[in-house]
4 protein chains.
Amino acid sequence: MADGAAAIADTSSSAVATGGVAADRLRSFIERIERLEEDKQAIMADMKEVYAEAKGEGYDAKIMRQIVRIRKMDRVERQEQEAILELYLSALGEA
Amino acid sequence: MADGAAAIADTSSSAVATGGVAADRLRSFIERIERLEEDKQAIMADMKEVYAEAKGEGYDAKIMRQIVRIRKMDRVERQEQEAILELYLSALGEA
Amino acid sequence: MADGAAAIADTSSSAVATGGVAADRLRSFIERIERLEEDKQAIMADMKEVYAEAKGEGYDAKIMRQIVRIRKMDRVERQEQEAILELYLSALGEA
Amino acid sequence: MADGAAAIADTSSSAVATGGVAADRLRSFIERIERLEEDKQAIMADMKEVYAEAKGEGYDAKIMRQIVRIRKMDRVERQEQEAILELYLSALGEA
DNA sequence: CGGCGCTACGTCCGTC
DNA sequence: GACGGACGTAGCGCCG
């Protein structure tokens, strides 16, 4: 390892042994990703369930999504406002 | 009827009390969604970490993503094949 | 024309004549796109110029971009708020 | 010093007057940017229209995008070739 | 050359 | 059942 560029192929010693190791390492990464991906899908399924349940009680999913989005935007904007404030402050600090 | 269409508004009794209850219920749904969303974000962050780590060892994230995608498609195809197979089998069982 | 699926290939009569026509039509679309793309690039260049000019007067482009983004978000959010209000109103109207 | 770093704040004389001027100047830049951004959005909308029209006649937008991209690369390459050629020519002229 | 922001693509949902 | 629209995610290009 510690090589970089080569992805998969060589890293150091014998092509065969090394290739095997690299492949195993790669496989490990891939599997970790896939495991996480599964978890993510599970969560997304839960979200769908919640929307479905809400719909079952007469709430409109479209509206709910919009509310979630707006609240998120509020949060994001808040953060950006803070970020910009910080930028201003650091800019002034350097004057 | 349950209520359906009205989202927010009525469910049954007095508009005021009900509005409050409906709002609380809605709030509850929204918060569940937002909680799940957070979890999802956390997982995505983990995935980014994995990609970063892999990159640090010389693997190309873009290629890894392609691999994941292809494997996923394989899985889907496999499932479809199995579904078809099952269909055939049940058809034969019923023949 | 009026066909769909086939992209380029057949549309109706003789492959040659038709192919020629389709190719010409495609070429026309492509060129329109490329013309628009050029215009877009020109505008983006103008924007860069403005940022550069501002920078020349001591304004920080990064901050400016953030301001522009926030203002845009404000606009979008405003619109979404209105959209949601409308949704609520129509939902209530149907109750 | 000219001003530089400070963005917003000082440029020269009294903080108040100057702040106002700087703010106005900044506002002007921001508005120019926003105006250009609008134009850009308009052009992008036009492009979407063209793609939609093409799609309506059976052409695949994704493929068209690829074509545009490839042609653009060709153009860029061509320009680079010419740049190199020019370089050679000027080198010879100066030799 | 690494991070960030914007654009473009694929997916999912609602519609007709 | 297909179409179009909306959303979220992935790729790309610019800036630092």
Side-chain angles (χ1 to χ4, degrees), chain A residues 4-5 33 36-37 40-41 43-45 47-48 51-52 54-55 60-70 72-73 76 79-80 83-84 87 90, chain B residues 5 33 36-38 40-41 43-45 47-49 51-52 55-56 58 60-70 72-73 76, chain C residues 4-5 33 36-37 40-41 43-45 47-52 54-55 60-70 72-73 76 79-80 83-84 87 90, chain D residues 33 36-37 40-41 43-56 58 60-70 72-73 76:
Chain A
I33 293 285
L36 289 167
E37 183 67 33
K40 199 181 82 175
Q41 295 302 332
I43 289 177
M44 287 170 68
M47 291 174 71
K48 281 186 76 169
Y51 278 118
K55 188 173 187 177
D60 181 330
K62 188 173 175 181
I63 293 179
M64 289 179 63
R65 283 177 196 279
Q66 217 150 345
I67 292 174
V68 170
R69 181 139 37 85
I70 288 176
K72 189 176 199 168
M73 285 185 69
V76 170
Q79 284 169 192
E80 292 201 333
I84 220 176
L87 277 174
S90 68
Chain B
I33 292 286
L36 288 167
E37 183 68 15
E38 260 179 75
K40 199 181 82 174
Q41 295 300 335
I43 290 178
M44 286 171 65
M47 291 174 71
K48 278 188 80 169
E49 265 184 72
Y51 279 119
K55 187 174 187 178
D60 181 329
K62 189 174 174 182
I63 293 179
M64 289 178 64
R65 284 176 195 281
Q66 282 194 54
I67 293 174
V68 170
R69 199 140 113 239
I70 290 172
K72 189 176 199 170
M73 286 181 64
V76 170
Chain C
I33 292 285
L36 288 167
E37 182 67 34
K40 199 180 83 174
Q41 295 301 333
I43 289 178
M44 287 170 67
M47 291 173 70
K48 280 186 76 168
E49 264 185 73
V50 176
Y51 278 118
K55 187 172 186 176
D60 181 331
K62 189 173 176 182
I63 293 179
M64 290 179 64
R65 284 177 195 278
Q66 217 151 345
I67 292 173
V68 170
R69 182 140 35 87
I70 289 176
K72 190 175 199 170
M73 284 185 70
V76 170
Q79 283 170 194
E80 291 199 334
I84 219 177
L87 275 174
S90 69
Chain D
I33 292 285
L36 289 167
E37 183 68 14
K40 199 180 81 174
Q41 296 301 334
I43 289 178
M44 287 170 64
D46 288 351
M47 291 174 71
K48 278 189 79 169
E49 266 186 70
V50 176
Y51 279 118
E53 189 183 342
K55 184 174 187 177
D60 180 330
K62 189 175 173 183
I63 293 178
M64 289 178 65
R65 284 176 195 279
Q66 281 195 55
I67 293 174
V68 170
R69 199 140 112 239
I70 290 172
K72 189 176 200 169
M73 285 181 66
V76 170

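The chains referred to below are lettered A, B, ... by the order of the sequence lines, with proteins before strands, and numbering in each begins at 1. Heavy atoms only: backbone and side chains are in, while hydrogens, waters and symmetry mates are out.
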Trace of the side chain to side chain contact (heavy atoms under 4.5 Å, CB included) decision for Asp46(D) with Val50(D): CA-CA 6 Å; Asp46(D) 288 351; Val50(D) 176; 5.6 Å; no
With rounding to the nearest 0.5 Å, note down the distance linking [atom1] in [X] to [atom2] in [Y].
X        : Y        : atom1 : atom2 : answer
Glu37(D) : Met47(C) : CD    : CE    : 4.5 Å
Ile67(A) : Met64(A) : CD1   : CE    : 7.0 Å
Glu49(C) : Leu36(D) : CD    : CG    : 9.5 Å

Step-by-step side chain to side chain contact (heavy atoms under 4.5 Å, CB included) determination, Leu87(A) to Gln66(C): CA-CA 10 Å; Leu87(A) 277 174; Gln66(C) 217 151 345; 3.2 Å; yes
Protein-to-nucleotide contact annotation, 5' to 3' order, nucleotides 6-16 of chain E [B base; S sugar-phosphate only; - none; under 4.0 Å, heavy atom]: SSSSS--SS--
Trace of the side chain to side chain contact (heavy atoms under 4.5 Å, CB included) decision for Met73(A) with Val76(C): CA-CA 10 Å; Met73(A) 285 185 69; Val76(C) 170; 4.1 Å; yes
First-last contacting nucleotides on DNA chain F - partner chain B, under 4.0 angstrom, heavy atom: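 Taking any atom under 4.0 Å from a heavy atom of chain B, the span is dG8(F) to dC12(F).
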Spacing of Met64(C) atom CE relative to dG5(E) atom C1', expressed in whole Å: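 My rounded result for the distance is 16 Å.
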Pairing residues for Glu53(D) by the side-chain contact (heavy atoms from CB on, under 4.5 Å) criterion, not counting sequence neighbours: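 Listed in chain order: Arg25(C), Phe29(C), Arg32(C), Glu57(D).
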Residue of the set Lys62(A), Arg69(A), Arg65(A), Lys72(A) for which salt bridge (Lys or Arg N to Asp or Glu O under 4.0 Å) holds with Glu80(C):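 Single salt bridge (Lys or Arg N to Asp or Glu O under 4.0 Å) partner of Glu80(C) among Lys62(A), Arg69(A), Arg65(A), Lys72(A): Arg69(A).
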